[in-house]
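Just so we're clear, the structure is a prediction, and the values are computed from it rather than from any experiment. Counting from 1, the numbers follow the sequence of the chain as shown.
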Amino acid sequence: RIILACIFNDYNLAYGLESKVMFVSKAAFRNALVFFYAGISAVALYRQTQMNMYLKMAKKCLKGLKGFSRCAKVNYLNKELLLEAEIGAVQGKIDDVLAKYSESIDLAKAEGFLLEQAVALECASRALQHSGRNVSCQKYLLEAYECYEKWGAKAKTEQMLRRYPSLQSKVVSAHKVPERQCDEMNVEKF
């Protein structure tokens, strides 16, 4: 439930669920995915509220995630880099963290973590949008949409189309089959 709440951008719910998990069992708090999604949620809530408790929680989650990353870089380095990038972005260091977003995206792609690639692309898009870089933002947003679609997250792609109306035309363009290809496949043109 925590992961779904975070993916669907319901950060209050995700943070609430994560807080319950963290306080119920110390062992559960040591779960890397809880660190990761708790950190992503905390950053998003900090971005919305500017309340320092969220930024502190994100940093605490990053510290925990780094422990996992040291032991298993293949599984966790992409998550660590994304959380570092998110924290840096909300602190106004967007130019310094663009490479971390890219590296996180590339690592997730290389290791076949399609969901995490989509999450990283969406987070990068949001950070770029907040810094006024709308052209780059749209590129990342379309790539995130495509990753979610490939992963089979139909409800998420529908949510993205509702949330970002400008994405609709880009998705149609990206999925459009060229007319010549339609002729070769004997497919009726729309």
Side-chain angles (χ1 to χ4, degrees), residues 1-91 93 97 99-127 140 143-145 147-157 159-160 163:
R1 289 180 59 193
I2 294 168
I3 295 170
L4 284 174
C6 192
I7 290 169
F8 281 95
N9 312 109
D10 190 343
Y11 299 110
N12 285 314
L13 175 61
Y15 191 81
L17 292 169
E18 290 152 0
S19 296
K20 288 178 186 173
V21 169
M22 287 182 222
F23 293 115
V24 169
S25 165
K26 288 186 179 193
F29 186 67
R30 292 184 177 93
N31 180 317
L33 290 178
V34 173
F35 279 127
F36 178 61
Y37 286 104
I40 295 294
S41 298
V43 168
L45 291 170
Y46 177 77
R47 186 177 277 129
Q48 292 170 5
T49 66
Q50 298 297 302
M51 292 175 63
N52 282 330
M53 68 178 210
Y54 294 123
L55 190 56
K56 286 179 185 176
M57 176 57 87
K59 289 178 179 180
K60 184 177 178 181
C61 290
L62 177 59
K63 183 178 177 183
L65 198 51
K66 284 183 178 199
F68 283 92
S69 186
R70 277 192 301 275
C71 296
K73 285 192 186 312
V74 170
N75 291 324
Y76 302 112
L77 184 58
N78 70 304
K79 297 168 190 65
E80 176 187 331
L81 289 168
L82 177 55
L83 194 49
E84 283 179 349
E86 284 284 88
I87 291 169
V90 296
Q91 292 177 320
K93 303 173 188 171
V97 298
K100 288 183 191 272
Y101 280 116
S102 291
E103 193 175 352
S104 174
I105 292 162
D106 292 344
L107 285 171
K109 183 177 183 174
E111 297 304 332
F113 300 143
L114 193 55
L115 173 61
E116 292 167 13
Q117 181 184 356
V119 170
L121 285 160
E122 189 175 10
C123 287
S125 172
R126 195 170 26 251
Y140 281 102
E143 287 182 49
Y145 176 91
C147 286
Y148 284 124
E149 184 178 55
K150 201 181 292 183
W151 193 62
K154 185 168 175 51
K156 176 61 181 178
T157 57
Q159 180 205 43
M160 290 179 76
R163 177 170 282 178

N-O pairing of Lys150 and Glu143 below 4.0 Å: no

For Leu83 and Ile40, work out which heavy atoms get closest and say how close. CD1-N, 3.8 Å

Can you check whether Ile105 reaches Leu82 side chain to side chain, under 4.5 Å on heavy atoms? no

Could you walk me through whether Val119 and Cys123 satisfy the side-chain contact (heavy atoms from CB on, under 4.5 Å) test, starting with their C-alpha distance in whole Å, then the side-chain angles of each, then the deciding distance to 0.1 Å, before giving a yes or no? CA-CA 6 Å; Val119 170; Cys123 287; 4.1 Å; yes

Indicate the atoms forming the closest heavy-atom contact of Cys147 with Leu121, along with that distance. SG-CD1, 3.7 Å

Could you measure the distance from the OH atom of Tyr145 to the OH atom of Tyr148? Nearest 0.5 Å is fine. 12.5 Å

Atom pair CG (Asn52) and CE (Met57), whose distance is rounded to the nearest 0.5 Å: 13.5 Å

CA sep, side-chain torsions, deciding dist, call: Tyr140, Ser102, side-chain contact (heavy atoms from CB on, under 4.5 Å): CA-CA 10 Å; Tyr140 281 102; Ser102 291; 3.7 Å; yes

Return the NZ to CZ distance between Lys79 and Phe35, rounded to the nearest 0.5 Å. 13.5 Å

Would you sort out whether Glu86 and Gln91 count as a side-chain contact (heavy atoms from CB on, under 4.5 Å), showing the intermediate values? CA-CA 9 Å; Glu86 284 284 88; Gln91 292 177 320; over 6 Å; no

With Ala85, which residues qualify under side-chain contact (heavy atoms from CB on, under 4.5 Å), at least two apart? Val97, Lys100, Tyr101

Note, Thr49 side chain near Tyr54 side chain (heavy atom, < 4.5 Å): yes

Qualifying residues under side-chain contact (heavy atoms from CB on, under 4.5 Å), relative to Ala108, sequence neighbours excluded: Asn78, Phe113, Glu116, Gln117

Compare every heavy atom of Ala120 with every heavy atom of Ser104, then report the nearest pair and how far apart it is. OG-CB, 3.9 Å

Can you give each donor-acceptor pair under 3.5 Å made by side-chain atoms of residues 62-71, sequence neighbours left out, with the distance rounded to 0.1 Å?
unit_1: Lys66; atom_1: NZ; unit_2: Glu84; atom_2: OE2; d: 3.2
unit_1: Ser69; atom_1: OG; unit_2: Glu80; atom_2: OE1; d: 2.7

Does any N or O in the side chain of Ser41 come within less than 3.5 Å of the main-chain N or O of Ala38, such that one atom is a donor and the other an acceptor? no

Please step through side-chain contact (heavy atoms from CB on, under 4.5 Å) for the pair Tyr46 and Met53, ending with a clear verdict. CA-CA 8 Å; Tyr46 177 77; Met53 68 178 210; over 6 Å; no

Shortest non-hydrogen contact between Gly39 and Cys61, atoms and distance: N-SG, 3.7 Å

